[in-house]
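These notes are about the structure you will find just below.
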2 protein chains.
Amino acid sequence: MKTGRGSGRPTVADVAAQAGVSPITVSRTLRTPDKVSPELREQVMAAVAALGYAPDPNARALASARSDVIGVIIPSLTNSVFSDVLTGMYDALADAPYQIHFANNHFSPFEEERLIAGFIRQKPAALIVAGFDQTERGRALLRQAACPVVQIMETGDDPIDMVVGFSQRAAGAAVTQHLIEAGYRRIGFLGARMDPRTLRRLDGFRAALTEAGLYDAGRCVTTPAPSTFSLGRMLLRDLLTRRPDTDAVFCNNDDIAMGALFECQQAAIPVPQHMGIAGFNDLELMEASYPSVTSVRTFRYRMGYLAIEMALKELAGMPPTQRIVDVGFELKVRDTTNRYLTG
Amino acid sequence: MKTGRGSGRPTVADVAAQAGVSPITVSRTLRTPDKVSPELREQVMAAVAALGYAPDPNARALASARSDVIGVIIPSLTNSVFSDVLTGMYDALADAPYQIHFANNHFSPFEEERLIAGFIRQKPAALIVAGFDQTERGRALLRQAACPVVQIMETGDDPIDMVVGFSQRAAGAAVTQHLIEAGYRRIGFLGARMDPRTLRRLDGFRAALTEAGLYDAGRCVTTPAPSTFSLGRMLLRDLLTRRPDTDAVFCNNDDIAMGALFECQQAAIPVPQHMGIAGFNDLELMEASYPSVTSVRTFRYRMGYLAIEMALKELAGMPPTQRIVDVGFELKVRDTTNRYLTG
DNA sequence: TGATTGAATGATAGCGCTCCCATTTGGGGT
DNA sequence: ACCCCAAATGGGAGCGCTATCATTCAATCA
């Protein structure tokens, strides 16, 4: 039985011999038990247990031209936003016979393209990518991929296959609208990294202010640098140097907003009276902070969860209920934009 | 050329035909180019380029009984601590022909054991696990794994194979020592999740206080719940209910510390005068915060980076310089424990 | 009753790559 | 001139599994 090159672990052949059936019956028992008679099924399972057999995923993938890998490509790991998404994905997977492999493209569509090609080579069960900003070739690869493809974090009418997300632009506009309604008039925008999604938030910001006749391009302070809390402090300082009369800021994300708040505290600028602050994503920190910080709640866990769920559904042969899912967002108004706060 | 079952993509055989060599030469050109003469090498590379050939990782893994997967098992994704570690790993990997697959065990050694078994089935190139608290069988599996194994986040004399980390206990003791030196006397401990590493920090805390004759078990407030900022607030409230005279807290991590700070701000407890606060991990937030928060800087990125580097070195056949690497830690003293602060 | 069907099982032949060993070739050493 | 050896290349087989088609056999129908 030892052929010399083998791994030493039991194979389908071993199980088949032990159970007195053919290898293919073992294979069937493991993958499509209902196509095997109960008696044989039991025999095979007993042999599997006796030998401690576990199938080799590589051999399986080679033979069936389909692996159990669900490829996930996200822009960054450092970003806590994506770790929530991933957590949702893992939870949705539960005990489904797939595994998630992910890669990060460092916010580069070119790296994303490489990663897509790499995944496709593995014949993935499904692919999940962030947003709509793939390269031409990247989109083409995804379109040709013989597997479900889910785009997440944004919505759009023309998904490659399926999409679950929300309108970044509408969310940006909603916060801005809230700041206007709260009585702020000289509203700035603080933005870091400026990836496509951030740009769409800015777009919403601009639209809302323009409509209200309050837009002032000079109050937009942005940087391509990755966002950090300290950067939030710096961006606010920058803005106040250029436009000292600014009375509120919409921050492209919560890190920046929190940094802005710290800066105000240190500079003894009363928040929310003299400076309103709103963030984006609604990290848990924003609610716990004192003062608590206004933000836009995004359903990150949910997006991850649904993305996997939709892919699994399609893999199971069920047609998806819908190909375009908008999970929405929720404005969380808190202390930092509540001008009529007592205290 | 179409055999019916094939994937349609070019294979080694196609490349070999195009280049006028045998399949094995193509294989060699791609994996060990120095074993092929320059002329043939060039021919093969030309054929590869012409056909757009890319090897099938599954077939490769099956034939060579060794995949290009480096398995990483960490307790949690939600935790920003681990995302730093992962970032370091990805960076260390750079263009090495391996890919990282990770899984999280939700802080459960049993789930960890399952994951280890799952990875080993894939014949990984290397395995990286967090800490030393595997199950008996988990350790056995790792020991028998025919690949480099790196334990991270902690140090220990008896690694399964290699280890890169730092002494959680010593770090816990060092912060506590600092609090004592800063003049605090009634020092509490706030801890969430209480995983093995946290327990060792607590151990260091206890040792330092005991030695100073200041230990009071009643000042340790812990919970198995996952740590959040709000939880930090609650834990501090709890502690102050039990021991209102507490004058400093060492928090098991930065989230808790930050929450404690917010609670103090809301309750108008002067920090650091009436309450010293120290965290653990030194997230970027701690430095940016106002007041800035004392913490223990841990080299998370570095640990991830080194873990991969050590594994790659071994995979390349080079003997590792050392099997046990202590990256240390660094106490960052800031406003929240600086009693003599002006302001 | 004989033809027909469908479910259950098996034999065979790969999937795409690499291991192992054999073969060829072109120098050194003596 | 001889042997020997190492480097370069190829032939053949097999990694562990599954797709495909063939076979068996009992149940069904006219």
Side-chain angles (χ1 to χ4, degrees), chain A residues 1-44 48 51-68 97 120-123 125 146, chain B residues 1-44 48 51-68 97 120-123 125 146:
Chain A
M1 197 160 292
K2 287 249 66 159
T3 51
R5 193 131 81 88
S7 62
R9 296 190 304 117
T11 71
V12 267
D14 299 329
V15 176
Q18 168 99 9
V21 299
S22 75
I24 188 68
T25 300
V26 174
S27 175
R28 274 197 275 258
T29 307
L30 263 29
R31 294 181 310 127
T32 50
D34 48 303
K35 290 192 178 172
V36 176
S37 69
E39 307 87 68
L40 281 194
R41 202 187 307 157
E42 208 164 310
Q43 267 171 256
V44 171
V48 165
L51 296 175
Y53 168 77
D56 178 330
N58 295 122
R60 202 169 242 197
L62 178 59
S64 65
R66 163 93 33 255
S67 77
D68 62 350
I120 287 183
R121 214 171 292 160
Q122 293 177 54
K123 300 167 187 153
Chain B
M1 197 162 295
K2 287 248 71 156
T3 51
R5 193 130 80 89
S7 63
R9 296 190 302 117
T11 71
V12 267
D14 299 330
V15 176
Q18 168 100 8
V21 299
S22 76
I24 187 67
T25 300
V26 174
S27 174
R28 275 197 275 257
T29 307
L30 263 29
R31 293 181 312 127
T32 50
D34 47 304
K35 290 193 175 172
V36 177
S37 68
E39 308 87 66
L40 280 195
R41 202 187 308 159
E42 208 165 308
Q43 267 171 256
V44 171
V48 165
L51 296 175
Y53 169 77
D56 178 332
N58 295 122
R60 204 171 241 196
L62 178 60
S64 65
R66 162 93 32 254
S67 77
D68 62 351
I120 287 183
R121 213 172 292 160
Q122 294 177 51
K123 299 167 187 152

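Labels below follow one simple rule: chain letters A, B, ... track the order of the sequence lines, proteins then strands, and each chain is numbered from 1.
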Between [atom2] of [N] and [atom1] of [X], the distance in whole Å:
| X | N | atom1 | atom2 | result |
| --- | --- | --- | --- | --- |
| A:Arg66 | C:dC15 | CZ | P | 17 Å |
| B:Arg41 | D:dA8 | CZ | P | 9 Å |
| A:Lys123 | C:dG16 | NZ | P | 6 Å |
| A:Arg121 | C:dG16 | CZ | P | 15 Å |
| A:Ile24 | C:dA13 | CD1 | P | 15 Å |
| B:Asp14 | C:dC15 | CG | P | 11 Å |
| B:Asp56 | C:dG14 | CG | P | 18 Å |
| B:Lys35 | C:dC19 | NZ | C1' | 12 Å |

Report the nucleotide, chosen from [options], that has the shortest atom-to-atom distance to any side-chain atom of [X].
| X | options | result |
| --- | --- | --- |
| B:Ser22 | D:dG10, D:dT18, C:dC17 | D:dG10 |
| B:Leu62 | D:dC17, C:dG16, D:dT9 | C:dG16 |
| B:Ala63 | D:dG16, C:dT9, D:dG14 | D:dG14 |
| A:Arg28 | D:dT20, C:dC15, D:dG10 | D:dT20 |
| B:Thr11 | C:dC17, D:dG10, D:dA8 | C:dC17 |
| B:Thr25 | D:dT9, C:dG16, D:dC17 | D:dT9 |

What distance separates [X] [atom1] from [Y] [atom2], expressed to the nearest 0.5 Å?
| X | Y | atom1 | atom2 | answer |
| --- | --- | --- | --- | --- |
| B:Leu40 | B:Arg28 | CG | CZ | 10.5 Å |
| B:Leu30 | B:Thr25 | CG | OG1 | 11.5 Å |
| B:Arg31 | B:Arg60 | CZ | CZ | 6.5 Å |
| B:Asp56 | B:Leu62 | CG | CG | 9.5 Å |
| A:Ser37 | A:Glu42 | OG | CD | 10.0 Å |

Distance check: side-chain N/O of [X] vs OP1/OP2 of [N], anything under 4.0 Å?
| X | N | result |
| --- | --- | --- |
| B:Arg31 | C:dC19 | yes |
| B:Ser37 | D:dA7 | no |
| A:Arg60 | D:dT18 | yes |

Which part of the nucleic acid does B:Val36 contact within heavy-atom distance under 4.0 Å: base, sugar-phosphate only, or nothing?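 Touches sugar-phosphate only.
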With a non-hydrogen cut-off below 4.0 angstrom, is A:Val21 in contact with a base, only sugar-phosphate, or nothing?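 Here A:Val21 touches the backbone only, sparing every base.
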Nearest-nucleotide comparison on DNA chain D, the residue closer to the 5′ end among B:Leu40 and A:Ala54: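 The residue whose closest nucleotide sits nearer the 5' end is B:Leu40.
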Take A:Asn58 and B:Pro38, find for each the nucleotide of DNA chain D with the closest heavy atom, and name the residue whose nucleotide sits nearer the 5' end.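 With A:Asn58 and B:Pro38 compared, the 5'-side residue is B:Pro38.
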Any carboxylate oxygen within less than 4.0 angstrom of a Lys/Arg side-chain nitrogen, looking at B:Asp14 and B:Arg9?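 Answer for the salt bridge query: no.
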